[in-house]
J.: 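Got a structure for you, questions after.
Below, chain A is the first sequence line, B the second, and so on; all start at residue 1. As a basis for the values below, the full set of heavy atoms in this structure was taken, side chains included, without hydrogen atoms, waters or symmetry mates.
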Number of protein chains: 2
Amino acid sequence: MTKKAPTIKDVARKSGTSTATVSYVFSEKDRYIRPELRERVLQAAEELGYVKNAVASSLKGNPRGILAVIIPQFSNNFFTDICAEIESVAQKAGFVVIICNTDDSVEQEEKIVKRLVSQKIDGCIICPALSTSKNIKTLDIHNIPYVVLERDLEGETPDFDFVGHDNFQSGYLATKTLLDAGHRNIAFLGWTTPIANLRDRLSGYKAALDEAGIAVNDDWILLDNLSEDAGKRMAARLPVDKVTAMVLAHHYYMAKGTLLGLQKRALRYPEDLSIVLIGTPEWRDLVHPSLTCIKRPEKEMGRAAASVLLKKVKKPLYREKRHVFPVEFMTGLSVRDMPG
Amino acid sequence: MTKKAPTIKDVARKSGTSTATVSYVFSEKDRYIRPELRERVLQAAEELGYVKNAVASSLKGNPRGILAVIIPQFSNNFFTDICAEIESVAQKAGFVVIICNTDDSVEQEEKIVKRLVSQKIDGCIICPALSTSKNIKTLDIHNIPYVVLERDLEGETPDFDFVGHDNFQSGYLATKTLLDAGHRNIAFLGWTTPIANLRDRLSGYKAALDEAGIAVNDDWILLDNLSEDAGKRMAARLPVDKVTAMVLAHHYYMAKGTLLGLQKRALRYPEDLSIVLIGTPEWRDLVHPSLTCIKRPEKEMGRAAASVLLKKVKKPLYREKRHVFPVEFMTGLSVRDMPG
DNA sequence: ATGAAAGCGCTAACAT
DNA sequence: ATGTTAGCGCTTTCAT
């Protein structure tokens with residue numbers, strides 16, 4: 001026997017006033033209302049269990065109270081950490097947040113973006129599937145404020161606000177760490193993807209080698225798809241007779257696979273092979289020896305993305321500078337100093 | 001110069017027909033419309049970039065297309081795994097999902113629930129903060145279909161749909177595993193909480209001991225708050241001269257802390273201490289030796305919660321049975337057979 | 001087969 | 001200081 005939710009009209013009737021008055025009582029607008037009347041309205045609302053219908057309110061042009069974030073992988077802690085931060089900032093500002101996973105599929109993303117447009121969300125943080133800009137354009141057309149997260153858009157695209165981190169630097173720093181420890185033959189393990197992030201990390205790797213006057217050996221750059229098994233495969237293929245160190249530039253579950261693959265070959269780190277990992281999985285200091293890592297700024301990114309978006313929601317023409325956060329070196333025990 | 005989004009009216013004008021016709025073209029309702037006209041409408045909509053406004057539509061009583069899930073911890077993989085599954089199921093059914101984190105605070109939850117009510121969401125999956133039913137009642141009052149996740153409600157509460165897993169069994173199974181390996185003096189590490197889950201695990205532990213004719217020693221039941229540091233503290237307090245095994249019944253980061261604390265005391269498992277962990281952190285098979293675990297049914301729970309909710313959204317009076325999923329034993333190398 | 005128009009719950013300009 | 005009312009974009013009954 002689902003009775004209907006009480007509306008402003010019910011409250012008006014019960015408190016013997018008009019809907020306008022009730023509306024004003026529940027809005028931030030300052031229209032003076034006799035304390036006595038205001039009290040009566042509040043009382044009636046309380047008794048009826050009235051809650052303002054944000055849906056109807058937004059039809060009149062008021063903010064919806066909903067933000068969205070679109071990510072390519074739900075199961076990647078890098079993204080969930082960012083989302084957690086976004087949700088936290090949004091919550092404090094009175095918004096709820098819709099989280100959507102595209103599985104890095106442009107088609108899936110297209111459906112999702114349409115749905116969000118249809119829902120008239122106030123704004124959106126999007127890490128574009130495969131770095132494509134197609135669905136971003138939909139957001140543009142419908143005037144939904146958005147912030148692009150982590151992946152730069154390829155090709156001709158509108159001006160956009162961006163929050164990301166320095167992938168070049170992470171590749172560079174990881175490689176430099178190994179070079180400084182005296183390594184010369186350094187492998188780079190990544191994944192196959194059209195997005196720039198991995199490419200940037202690889203550029204950082206190459207730049208560091210270059211700076212040290214070392215030629216890049218393409219055989220030591222291993223790429224595979226995103227999975228734990230791929231990590232295992234790469235560990236199996238690793239030319240450990242030539243290489244003394246490696247940069248793990250891929251995802252946590254690939255990295256996990258790589259470590260397991262190493263175990264399987266009875267290879268030990270740092271004795272047989274030094275390792276620097278880009279990223280900070282929960283287990284970085286639990287494995288033994290602990291891993292030397294490059295920490296990415298998940299929280300900072302989440303916080304920045306959310307606050308930039310909130311500003312844009314308030315002022316649609318608001319433009320922020322690009323936020324590209326630096327990474328941070330985290331010491332560990334997986335790098336061995338080379339003798340000599 | 002943000003031009004307004006095109007509405008049904010614009011499409012009607014452009015295609016020279018009425019708003020009613022356009023509405024029918026974009027609805028599932030079957031009203032016959034001349035193919036020629038239908039085509040013209042579609043054409044106009046396409047050109048204008050028209051997307052139906054779900055907000056206005058829902059004002060007329062149509063489903064909103066939004067579900068919500070309320071969890072007490074965003075950073076806990078147990079919950080994010082469940083959420084990932086919920087999102088996936090919801091997405092296939094055409095819904096987007098709002099994810100809210102309460103930090104296990106009843107006050108925060110209250111705000112969130114009010115917001116969701118105000119947003120007129122179609123339904124909600126809630127893991128109630130501290131197992132309290134107060135905010136659930138708000139959902140009831142406003143006729144929002146909901147499914148209670150993982151934590152049973154305490155006290156007098158309305159009839160509700162529930163999806164969870166067998167916490168008693170996980171405590172029992174973990175303990176039984178150690179008993180079967182010949183252990184007699186088994187510690188139980190948990191956290192301080194009013195919710196039933198930990199209590200149930202503890203009951204399972206006690207039941208297993210009881211069954212084996214072993215008295216419970218309260219000194220071996222260690223509880224602390226939810227943090228990695230608390231895990232370290234418990235490891236430090238552990239009476240390893242008396243105890244030969246332990247059940248880790250707490251969260252991943254506590255478990256991590258406990259393992260780190262063990263390392264600090266130079267205690268090795270399973271030699272010095274056998275371990276069974278409730279839960280399956282990503283690192284369970286990465287640490288060495290790999291951990292013997294009790295796997296909880298995150299995916300099944302997520303999937304069940306989402307599908308039950310979707311059924312309730314369709315049919316508000318729909319009632320499902322309680323879903324309490326079993327846990328699963330996962331073999332590892334952290335349990336040593338006791339001699340004798 | 002299609003269109004006119006009332007109305008969902010709210011806001012705000014306007015009237016009193 | 002408060003009430004009346006048009007209208008946000010859509011759905012749907014009723015008329016044609």
J.: B/Ile33 has an atom CD1; how far is it from atom P of C/dG3, in whole Å?
T.: 9 Å
J.: Nearest-Å distance, CZ (A/Arg64) to P (D/dC8)?
T.: 18 Å
J.: Can you tell me the distance, in whole Å, between the CG atom of A/Asn53 and the C1' atom of C/dG7?
T.: 14 Å
J.: Heavy atoms from C-beta onward define the side chain here; which of D/dC10, D/dG3, D/dC8 lies closest to that of A/Ser18?
T.: D/dG3
J.: It should be established whether B/Ser57 places a side-chain nitrogen or oxygen under 4.0 Å from OP1 or OP2 of nucleotide D/dC10.
T.: no
J.: With respect to the phosphate group of C/dG9, does any side-chain polar atom (N or O) of B/Lys120 fall under 4.0 Å of OP1 or OP2?
T.: no
J.: Before accepting this row, confirm whether a basic side-chain N of the pair B/Lys111/B/Glu107 lies closer than 4.0 Å to the acidic partner's carboxylate O.
T.: no
J.: With sugar-phosphate meaning primed atoms plus P, OP1 and OP2, does B/Phe26 contact a base, only sugar-phosphate, or nothing at under 4.0 Å between heavy atoms?
T.: nothing
J.: Got a salt bridge between B/Asp140 and B/Lys137, using NZ or NE/NH1/NH2 to carboxylate O under 4.0 Å?
T.: no
J.: State whether A/Tyr24 places a side-chain N or O below 4.0 Å from either non-bridging phosphate oxygen (OP1 or OP2) of C/dA13.
T.: no
J.: Counting distance alone, no hydrogens or angles: does the base of C/dG3 have a donor or acceptor under 3.5 Å from a partner atom on the side chain of B/Arg31?
T.: yes
J.: Check this one for me: any side-chain N or O of A/Lys29 less than 4.0 Å away from OP1 or OP2 of C/dA12?
T.: yes
J.: Students often get this wrong, so: under 4.0 angstrom with heavy atoms, is A/Ser23 touching a base, only sugar-phosphate, or nothing?
T.: base
J.: Using a 4.0 Å heavy-atom cut-off, does A/Thr17 contact any base of the nucleic acid, only the sugar-phosphate backbone, or nothing at all?
T.: sugar-phosphate
J.: Which residue lies toward the 5' end of DNA chain C, B/Lys60 or B/Gly16, if each is placed at its nearest nucleotide?
T.: B/Gly16
J.: From the set C/dG9, D/dG9, D/dT12, return the single nucleotide nearest to any side-chain atom of B/Ala20.
T.: D/dT12
J.: Side chain of A/Thr19: nearest nucleotide among D/dG9, C/dG9, D/dT5?
T.: D/dT5
J.: Is there a side-chain contact between A/Lys9 and the phosphate of C/dC8, meaning an N or O under 4.0 Å from OP1 or OP2?
T.: yes
J.: Nearest to the side chain of B/Thr21, which nucleotide is it out of D/dG9, C/dT2, D/dT2?
T.: C/dT2
J.: Return the orientation label for the B/Phe160 and B/Phe162 ring planes: parallel under 30°, perpendicular over 60°, tilted otherwise.
T.: perpendicular
J.: Does this structure show an ion pair linking B/Arg319 with B/Asp161, if we count only N-O contacts that are shorter than 4.0 Å?
T.: yes
J.: Side chain of A/Ile8 only, please: which of C/dG9, C/dT2, C/dC10 is the nearest?
T.: C/dC10
J.: If I take atom CZ in residue B/Arg13 and atom P in nucleotide D/dG9, what distance separates them, rounded to the nearest angstrom?
T.: 11 Å
J.: Please report the closest heavy-atom contact between A/Ala44 and A/Lys14, naming both atoms and the distance.
T.: CB-CG, 3.6 Å
J.: Rounded off to whole Å, could you give me the CG-to-C1' distance for the A/Asp10 and C/dC10 pair?
T.: 13 Å
J.: What is the distance from CD of B/Glu28 to P of D/dC10, rounded to the nearest Å?
T.: 15 Å
J.: What is the distance, rounded to the nearest whole Å, between atom NE2 of B/His142 and atom C1' of C/dG9?
T.: 15 Å
J.: Between B/Ala56 and B/Tyr32, which residue's closest nucleotide on DNA chain C lies nearer the 5′ terminus?
T.: B/Tyr32
J.: Is it true that A/Arg151 and A/Asp104 have a side-chain N and a carboxylate O under 4.0 angstrom from each other?
T.: yes
J.: Whole-Å distance between C/dA1 C1' and B/Glu36 CD?
T.: 12 Å
